[in-house]
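Below, read A as the first sequence line, B as the second, and so on, with proteins coming before strands; counting in each chain starts at 1.
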Amino acid sequence: MINLDIARIFDEIADLSEIKGENPFRVRAYRRAARTIETLTLDLRSIVERSKSEADAVRELTKIPGIGEGIAKKIYEIVKTGRSSKLESLRSEVNPSLVELLKIPHVGPKTIAKVHKELGISTIEELEEAARRHKLARIAGLGRKAEEKILKGIEQYRKQKGRVPIAKALPYAEAIVEALKSLKSVRKIVIAGSLRRWKDTIGDIDILVVSENPSEVMDAFTRLDGVEEVLAKGETKSSVIFRGINADLRVVPPESFGAATHYFTGSKQHNIRIRELGVKKGLKINEYGIFRGEERIGGEREEDVFAAVNLPFIPPELREDWGEIEAAQAGKLPKLIEMKDLKGDLHVHTNYSDGKNSIEEMAKAAISLGYEYIAVADHSKAVGIAGGMDEEKLRKRQKEIERLNERFESAGINFRVLSAVEVDIKSDFKLDFSDEILRDLDVVIAAIHSKLSQDRETMTRRIISAIENPYVDIIAHPTGRILGKREAYSLDIERVMDAAHDNGVVLELNSYPDRLDLRDIHCKMAKERGVKIAISTDAHDAVQMREVIRYGIATARRGWLSPEDVVNTRSLREMLSMLKHKH
DNA sequence: GCCGTTTTCGGCCCGACTGTTTTCAGTCG
């Protein structure tokens, strides 16, 4: 039983309670607890297991914001017994298959309860059938339009568009901004929402505009080249599907720009917390501004919103209700890493394995970025599909690296190419090069590339065995996820982090936008455990080295990382001294 | 269900859009 499983139980309790018609604030409490738990950097199971009694465990658990006595006791029960009696009794009251209907756009708990009660509908197929036969319109409160909407929603749900990797949504958002910028009445236009928070996946594109002529903007937006469907069009807000992705646009007056930017950036949970703080100070905070009674006391700048509740500015990447509000109150917001802090890239490929460019080309690209070093980390021979190197090819590469470094030195260029490998951790736990070979390299990166479906215990031990090898410095893409394609390996990430800490091994944050692995919350977890991170690109050509790093930096910021948490913010000498097999 | 230097009870963020309502409910973010 891990945190994620417990979060799922509370999500189901929330869903079932909602359909049952429970107090919405109770539902919200379960949802908030689920969100908190799934992004918690502590293991609930170990908190419960090291407690002497239930009361002791409850005392510890209720220190977590959003977890009170009721939910704490349920966590205790779940960890101890593997079951939740609350969930089980709900399941006997509310048909559990109704939960899936909640995922259909435009279908909410009230509608579900109604169609279930009136028509006995409990599956998507039954709902679709009833809508087609116009049976739904007979129910009070529903009509023909509702039937159309529900059918459309079902179609959308089946297409499973869902969330897309940030690198796919960002260019579309930039294209929309570019197109609308040219309108005369557009004074300001910004990207907000999860894109501004740099979340790894994006559900929809949010654009905010200041304009004295909203209807001109709405018309232009809904007629953009690329708009496939107009979902809603109002005075100040419209929604469309833009090249397969939902896009929302909102127009506000200039004096509301700051408040609207904050509101539209989210996250939803962060906004709720900020507005609650406002309520306690007798203020109303909405997208138009900050109000005391009728009087507006701010909202032109985003800082106004934070200042109104006595907080410093919180960077968008932190606005997830992952503790940033408490940290801001305590004056303990981290100084987040920035692009300019990086001094090198510790994981790039060259044409010695599956990279496109030569070592020299990669080095020159790195120099142009202002870096002091790169580690060329070509694949080892077991990764045949990526042209992995054997020992002989490795020796040949070594000579080329040495010649290149001599040239840089004699030309007075402060830059060094580090000789590295991305050595494969094979399914039998062995590394793909002998210790003798690894010992002579500048940097040894180890990673898993095959047999990804081994069980949780085996995968955990497989990675830890690499961590314990005396020459392994860095573990690359530690969880193996590929967004939209492949889940992370089944892995006990906490044990991996503890082993990394104990052995002085660095974990990689792979900047590839469909990897971003470690992910944001894992970076936070690593930081709290004192594990150092390398933000690397894993670039297979020079253009990628330049372009994908921003996603890595953004993810690091979402994971609360400061320059000192990251090894490649250090000068060459200092960075090398932090690696395990020192040079 | 959570939470509290004005509360251990009585609040709980706030508004836009749509549809079916003749004054508001449902859904969404």
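Residue A/I285 is in sugar-phosphate contact alone, with no base atom involved, counting any heavy-atom pair closer than 4.0 Å across all strands shown. Looking at heavy-atom distances under 4.0 Å, A/R273 makes no contact with the nucleic acid at all. Contacts of A/V279 with the nucleic acid, taken as non-hydrogen atoms under 4.0 Å apart, involve only primed sugar atoms and P, OP1 or OP2. In this structure, A/Y30 reaches the sugar-phosphate backbone alone: every heavy-atom distance under 4.0 Å involves primed, P, OP1 or OP2 atoms, never a base. Heavy atoms of A/I272 sit under 4.0 angstrom from at least one base atom. At the heavy-atom level, A/N271 lies nowhere under 4.0 Å from the strands shown. Among the atoms of the strands shown, none is found under 4.0 Å from any heavy atom of A/S239. Heavy atoms of A/P24 sit nowhere under 4.0 angstrom from any nucleic acid atom. Here A/K74 lies in heavy-atom contact (under 4.0 Å) with sugar-phosphate atoms only. Across all strands shown, A/F264 has no heavy atoms under 4.0 Å from either base or sugar-phosphate atoms. A/D204 comes within 4.0 angstrom of the backbone, heavy atoms only, and of no base. Contacts of A/R144 with the nucleic acid, taken as non-hydrogen atoms under 4.0 Å apart, involve only primed sugar atoms and P, OP1 or OP2. Looking at heavy-atom distances under 4.0 Å, A/K145 makes contact with sugar-phosphate atoms alone, never a base. A/K233 comes within 4.0 angstrom of sugar-phosphate atoms only, judged by non-hydrogen atoms across all strands, and of no base.
Look at A/E174 and A/K168 and you find no salt bridge, because none of the NZ, NE, NH1 or NH2 atoms lies under 4.0 Å from a carboxylate O. Salt-bridge check for A/E276 with A/K280: failed, with every basic side-chain N at 4.0 Å or more from each acidic carboxylate O. A salt bridge between A/E255 and A/R296 is absent, with no side-chain N of the basic residue lying under 4.0 Å from a carboxylate O of the acidic one.
Comparing B/dT20 with B/dA25, their P atoms are spaced 16 Å from each other, to the whole Å. Only the P atoms considered, B/dT5 is 23 Å distant from B/dG1, to the nearest whole Å. The separation of B/dC3 from B/dC13, taken at their C1' atoms, amounts to 16 Å, rounded to a whole angstrom. Rounded to whole Å, the separation between the P atoms of B/dT21 and B/dG26 comes to 13 Å. Comparing B/dC28 with B/dT23, their P atoms sit 25 Å apart, to the nearest whole Å. To the nearest whole angstrom, the two C1' atoms, one in B/dC17 and one in B/dC12, are 24 Å apart. Taking the C1' atom of each, B/dT22 and B/dG15 are spaced 22 Å apart, rounded to whole Å.
Residue A/E528 places its CD atom among more than 12 non-hydrogen atoms of other residues, nucleotides or ligands, all under 6.0 Å distant. Within 6.0 Å of the NZ atom in A/K233, the count of heavy atoms belonging to other residues, nucleotides or ligands exceeds 12. Few gaps surround CD on A/E338; more than 12 heavy atoms of other groups in view lie less than 6.0 Å from it.
A syn orientation is assigned to B/dT7, its glycosidic angle lying within 90° of 0.
Mapping A/H106 and A/A146 onto DNA chain B via the closest heavy atom, the residue that lands nearer the 5' end is A/A146. Projected onto DNA chain B by closest heavy-atom contact, A/P109 and A/A140 fall at different nucleotides, the more 5' of which corresponds to A/A140.
In this entry B/dG29 has B/dC14 as its Watson-Crick or G-U wobble partner, both defining distances falling under 3.5 Å.
One side chain, A/E324 or A/H270, offers a donor N or O that lies under 3.5 Å from an acceptor on the other.
Taking every nucleotide of DNA chain B with any atom under 4.0 Å from a non-hydrogen atom of chain A, the first and last of them, 5' to 3', are B/dG1 to B/dG29.
Here A/K86 pairs with nothing under the salt bridge (charged side-chain N to carboxylate O under 4.0 Å, His left out) rule; sequence neighbours left out.
Checking each of A/R515, A/R481, A/R163 against A/D200 for a salt bridge (Lys or Arg N to Asp or Glu O under 4.0 Å) leaves exactly one that passes, namely A/R481.
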